[in-house]
Enquirer: 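Pasting in a structure now, in structure tokens, and then I'll have a few things to ask.
So you know, we letter chains A, B, ... as the sequences are listed, proteins then strands, and number each from 1.
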Amino acid sequence: MSKALPKRSENYSEWYNEIIKRADLAENSAVRGCMVIKPYGYAIWEKMQRALDDMFKATGHVNAYFPLFVPKSFLEKEEEHAEGFAKECAVVTHYRLKANPEGGLMVDPNAKLEEELIIRPTSEAIIWNTYKNWIQSWRDLPLLINQWANVVRWEMRTRLFLRTAEFLWQEGHTAHATREEAVEETERMLGVYADFAENWMAVPVIQGVKTPSERFAGAEETYCIEALMQDGKALQAGTSHFLGQNFAKSFDVQFVNKENQLEYAWATSWGVSTRLMGALIMAHSDDQGLVLPPKLAPIQVVIIPIYRSPEDLATISEKVDPIIAELKAAGISVKYDDSDNQRSGWKFAEYELKGVPIRLALGMRDLEAGTVEVARRDTLTKESMPLEKIVETLTSLLDEIQTNIYDKALKFREANTFAVDSWEDFKSQIEQGGFVSAHWDGTPETEETIKQQTKATIRCIPLDAVEESGKCVFSGNPSSKRVIFAKAY
RNA sequence: CGGGGCAUAGCACAGCCUGGUAGUGCGCUCGCUUUGGGAGCGAGAGGUCGCAAGUUCGAAUCCUGCUGCCCCGACCA
């Protein structure tokens, strides 16, 4: 194993792949396009899940689980939805194997399914088919359900975490009595995602709405959060859809309103996936390895003893044990690495690679002086601190690191967001990367032409876009606000 | 689906052109010395060379077919 990671500046995508492997987050599996999420990577995902799940519960949602298989006829019902996903569906056609006379196994041709089952690329179809039976009256609404699940989208080209054929996510599916309530829900959950991205992942995001061409298949409006990665490319980190009455009509979900009239229910759906792991990695990490925000780090503090003899180690451990207990009591996850199969220098490098926010090194010299060496992963600085009140010190240091990582990412985004007003500037800026804020005439034709010529897409129309009269950067036609363009993952 | 690359020990690779019975580094095991930024020395263990068929006295190496993975494009969260 070579020691140094590839440099971000030299080969960003190689750096990304290597950091995932070396930090033990995930690896490619024997199955094309599918990854194995390893324990350390999964621990981060679990922390994400926990935080998000708490936020969903706090906004009134409950969890449930719907089937992996969607009958083809269900998927067909909402036309746009069906069309949008048709090209990337895995299909189950048989339900049995049998011994192959030539050895091994073969699909039993006598076990063909009457109707093919689609492995869910998303669950609107199966869920709205179910909601039909659950919703009769306005009193049954709103129905606020989330599920944690895996989905499959047969992508032509995959990348660890960013785009895999199978991925893990949560999908919220809600039903409401009024359009206003559903829109409100859509926006509320977008806010939850933005809150999570910024306050847990320490990744600043732009909240906005997608243009019609970038909309979710079957949605009336798609909201999104967009983050900027260190290589200047945008990453869609979460989406929230206002589905109107499209699915209610396709699956005939009607309820009796307060006026005793039949009405179609209003729908939303919203999701974030293991793609967030990719965002987390690419937003903060450096050439030494992963940089994790304390709130999502599986190990927040690692303690490494520096010793020569087993007696020294015993002395150090005796001093460390109560500190570990105190840290744990304070809710800080701590690892004491007293393994003797690696030297301290190796451990320093290893925990840096894994993004552990704080490292304590404690040797005999420290014991005599009553100090400990405290090293920060985010700044790569270290200093000697008194052991006294170390728990208080670390608690506030973790907060400081969380804030610092966010500030750093925010500064990066600000330094890489450019307002541009001419086509020439637009082209050269897009080439260099970053968010480009420019006027757009609102037509799909212009959007498509820009995409063809520059590979940049409209990431979103920011919710907080200021009204200003301007001219479309491409066509020169009038425009009332700027939109965000970027090359995207 | 197009274009390229790769498949040899747990990992990273060399060997292939020019066929002769398997090699390097890391890791692993044991021992000694080390230990405040990826330790040193010594001794060991570990491989039906992706699969199948072919050429040959002999194939990791040459030929044919297959499979899988990675990278680059088109499509997408």
Side-chain angles (χ1 to χ4, degrees), chain A residues 1-5 11 13-14 16-18 21-22 24 27-35 84-89 102-104 121-122 151-171 193 210 213-217 219 222 224-227 234-241 269-279 288-289 304-310 312-313 316 338-353 359-369 371-373 375 380 382 384 451-452 455 457 459 488-489:
Chain A
M1 194 199 291
S2 65
K3 285 174 185 174
L5 277 174
N11 190 339
S13 73
E14 202 192 333
Y16 176 79
N17 288 332
E18 276 299 306
K21 284 180 204 157
R22 300 264 291 275
D24 256 343
E27 61 186 39
N28 283 304
S29 71
V31 185
R32 192 198 78 97
C34 297
M35 64 179 166
F85 284 102
K87 283 173 295 184
E88 49 191 36
C89 286
E102 291 162 25
T122 179
V151 288
V152 168
R153 295 182 188 174
W154 211 265
E155 301 289 351
M156 289 178 177
R157 199 168 152 222
T158 58
R159 290 196 69 188
L160 290 168
F161 289 119
L162 297 177
R163 183 171 296 103
T164 46
E166 179 193 16
F167 58 94
L168 305 183
W169 78 345
Q170 59 67 218
E171 43 182 328
Y193 289 156
K210 288 291 188 190
S213 73
E214 298 272 331
R215 230 173 246 159
F216 176 76
T222 287
C224 62
I225 51 173
E226 293 283 331
L235 183 76
Q236 178 176 307
T239 50
S240 183
H241 314 291
S269 69
W270 29 273
V272 293
S273 70
T274 37
R275 177 178 246 205
L276 289 178
M277 295 285 293
Q288 325 310 320
I304 296 170
I306 313 289
Y307 62 95
R308 287 167 204 273
S309 65
D312 287 357
L313 177 60
I316 293 167
D338 61 350
S339 61
D340 63 355
N341 55 339
Q342 297 296 164
R343 291 157 45 112
S344 49
W346 189 91
K347 292 178 188 173
F348 291 173
E350 181 68 10
Y351 290 107
E352 267 161 26
L353 184 60
R359 178 187 73 234
L360 303 184
L362 198 67
M364 297 308 282
R365 296 208 302 257
D366 290 301
L367 286 197
E368 283 167 27
T371 59
V372 62
E373 182 187 271
L380 288 170
K382 53 188 182 185
S384 191
K451 185 178 173 182
Q452 293 290 334
K455 295 191 174 169
T457 50
R459 300 320 304 153
Y489 275 100

Enquirer: I want to confirm an ordering. Mapping A:Gly33 and A:Leu380 to their closest nucleotides on RNA chain B, which one lands closer to the 5' end?
Expert: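 Checking each residue's closest nucleotide, the 5'-ward one belongs to A:Leu380.
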
Enquirer: Work out how far the P atom of B:A60 is from that of B:U48, and round it to whole angstrom.
Expert: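 The same atom, P, in both gives a distance of 13 Å.
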
Enquirer: Just to verify, what does A:Arg215 make a salt bridge (Lys or Arg N to Asp or Glu O under 4.0 Å) with, not counting sequence neighbours?
Expert: A:Glu221

Enquirer: For A:Trp346 and B:G40, give me the distance from atom CH2 to atom P, rounded to whole Å.
Expert: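 Answer to the nearest Å: 15 Å.
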
Enquirer: If we ignore hydrogens and angles and just use 3.5 Å, is the side chain of A:Arg153 paired with the main-chain N or O of A:Pro121 as donor and acceptor?
Expert: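 The answer is yes, because a donor-acceptor pair under 3.5 Å joins these two groups.
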
Enquirer: How are the rings of A:Phe216 and A:His241 set to each other: parallel, tilted or perpendicular (split at 30° and 60°)?
Expert: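 If you compare the ring of A:Phe216 with that of A:His241, the planes turn out parallel.
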
Enquirer: For a quick check of understanding: with a heavy-atom distance under 4.0 Å over all strands, which category does A:Arg159 fall into, base, sugar-phosphate or nothing?
Expert: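 Touches nothing.
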
Enquirer: Quick one: A:Leu353 CG to B:G37 C1', roughly how many Å, whole number?
Expert: 14 Å

Enquirer: Between the base of B:G38 and the side chain of A:Gln342, is there a donor-acceptor distance below 3.5 Å?
Expert: no

Enquirer: With P as the reference atom in both, quote the distance from B:G4 to B:U8 in angstrom, rounded to an integer.
Expert: 22 Å

Enquirer: Evaluate A:Ile306 against A:Glu373 for side-chain contact (heavy atoms from CB on, under 4.5 Å), listing each step before the verdict.
Expert: CA-CA 11 Å; A:Ile306 313 289; A:Glu373 182 187 271; over 6 Å; no

Enquirer: Distance check, P atoms only: B:C62 and B:U18, in whole angstrom units.
Expert: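 Straight-line distance between the two P atoms is 9 Å.
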
Enquirer: Would you say A:Tyr16's side chain and A:Leu160's backbone share a donor-acceptor pair under 3.5 angstrom?
Expert: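 The answer is yes, because a donor-acceptor pair under 3.5 Å joins these two groups.
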
Enquirer: Rounding to an integer number of angstrom, what distance separates B:G47 and B:C32 when you compare their P atoms?
Expert: 28 Å

Enquirer: Taking donor-acceptor contacts at under 3.5 Å, does the side chain of A:Arg308 reach the base of B:G36?
Expert: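 Not at all, since no donor on one side and acceptor on the other fall under 3.5 Å apart.
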
Enquirer: Between A:Arg275 (side chain) and A:Gln236 (backbone), is there a donor-acceptor pair under 3.5 Å?
Expert: yes

Enquirer: With sugar-phosphate meaning primed atoms plus P, OP1 and OP2, does A:Glu14 contact a base, only sugar-phosphate, or nothing at under 4.0 Å between heavy atoms?
Expert: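 Nothing: the residue A:Glu14, judged by heavy atoms under 4.0 Å, touches no strand.
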
Enquirer: Which whole-number value in Å describes the distance from A:Ile306 CD1 to B:G36 C1'?
Expert: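 Roughly 5 Å, once rounded to whole Å.
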
Enquirer: Between the main-chain N or O of A:Ala349 and the side-chain N or O of A:Gln288, is there a donor-acceptor pair closer than 3.5 Å?
Expert: no

Enquirer: Mind checking the P distance from B:C69 to B:C76? Whole angstroms is fine.
Expert: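 Their P atoms lie roughly 23 Å apart.
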
Enquirer: What interatomic distance, in whole Å, is found between P of B:U29 and the corresponding atom of B:U67?
Expert: 40 Å

Enquirer: Please produce a list of atom pairs where a protein N or O lies less than 3.5 Å from an N or O of nucleotides 74-77 of chain B.
Expert:
{"unit_1": "B:C76", "atom_1": "O2'", "unit_2": "A:Glu155", "atom_2": "OE2", "d": "3.2"}
{"unit_1": "B:C76", "atom_1": "O2", "unit_2": "A:Arg163", "atom_2": "NE", "d": "2.1"}
{"unit_1": "B:C76", "atom_1": "O2", "unit_2": "A:Arg163", "atom_2": "NH2", "d": "2.8"}
{"unit_1": "B:C76", "atom_1": "N3", "unit_2": "A:Arg163", "atom_2": "NE", "d": "3.3"}
{"unit_1": "B:C76", "atom_1": "N3", "unit_2": "A:Arg163", "atom_2": "NH1", "d": "3.4"}
{"unit_1": "B:C76", "atom_1": "N3", "unit_2": "A:Arg163", "atom_2": "NH2", "d": "2.7"}
{"unit_1": "B:A77", "atom_1": "O3'", "unit_2": "A:Gln236", "atom_2": "OE1", "d": "3.1"}
{"unit_1": "B:A77", "atom_1": "O3'", "unit_2": "A:Gln236", "atom_2": "NE2", "d": "2.6"}
{"unit_1": "B:A77", "atom_1": "O2'", "unit_2": "A:Arg275", "atom_2": "NE", "d": "3.3"}
{"unit_1": "B:A77", "atom_1": "O2'", "unit_2": "A:Arg275", "atom_2": "NH1", "d": "2.1"}
{"unit_1": "B:A77", "atom_1": "O2'", "unit_2": "A:Arg275", "atom_2": "NH2", "d": "2.8"}
{"unit_1": "B:A77", "atom_1": "N6", "unit_2": "A:Thr164", "atom_2": "O", "d": "2.7"}

Enquirer: B:C70, OP1 or OP2 - any side-chain N/O from A:Asn17 closer than 4.0 Å?
Expert: no

Enquirer: Starting at CD1 of A:Ile316 and ending at P of B:U35, how long is that distance when rounded to a whole Å?
Expert: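 To the nearest whole Å, that distance equals 13 Å.
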
Enquirer: When the C1' atoms of B:G44 and B:C49 are considered, how many whole Å apart are they?
Expert: 23 Å

Enquirer: Round to the nearest Å and state the distance from A:Met35 atom CE to B:C69 atom P.
Expert: 16 Å

Enquirer: Figure out the CG/C1' separation between A:Leu362 and B:U35, and round it to whole Å.
Expert: 15 Å

Enquirer: Can you check the distance between B:G42 and B:U34, where both ends of the measurement are the C1' atom (answer in whole Å)?
Expert: 15 Å

Enquirer: Where does RNA chain B pair, written as one dot-bracket string 5' to 3', with Watson-Crick or G-U pairs under 3.5 Å, ( ) inside the strand, [ ] for crossing pairs and | for another strand?
Expert: ((((((((.[[[[.)....(..]]]].((((((.....)))))).....[[[.[..)....].]]])))))))....

Enquirer: Decide side-chain contact (heavy atoms from CB on, under 4.5 Å) for A:Glu18 and A:Lys21; before the verdict, give the C-alpha distance in whole Å, the side-chain angles of both, and the deciding distance to 0.1 Å.
Expert: CA-CA 5 Å; A:Glu18 276 299 306; A:Lys21 284 180 204 157; 4.3 Å; yes

Enquirer: From A:Met35 CE over to A:Thr158 OG1, what is the distance, rounded to the nearest 0.5 angstrom?
Expert: 9.5 Å

Enquirer: From the options B:G36, B:G38, B:G37, select the nucleotide whose nearest atom is closest to the side chain of A:Glu373.
Expert: B:G36

Enquirer: Expressed in angstrom and rounded to an integer, what is the separation of A:Arg343 atom CZ from B:G27 atom C1'?
Expert: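 Answer to the nearest Å: 17 Å.
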
Enquirer: I need the CG-P distance between A:Asp340 and B:G38, as an integer number of Å.
Expert: 18 Å

Enquirer: Is the terminal nitrogen or CZ of A:Arg359 (NZ for Lys, CZ for Arg) located under 6.0 angstrom from the six-membered ring centre of A:Phe348 and within 45° of that ring's axis?
Expert: yes

Enquirer: To the nearest 0.5 angstrom, please state how far the OH atom of A:Tyr307 sits from the CG atom of A:Asp340.
Expert: 5.0 Å

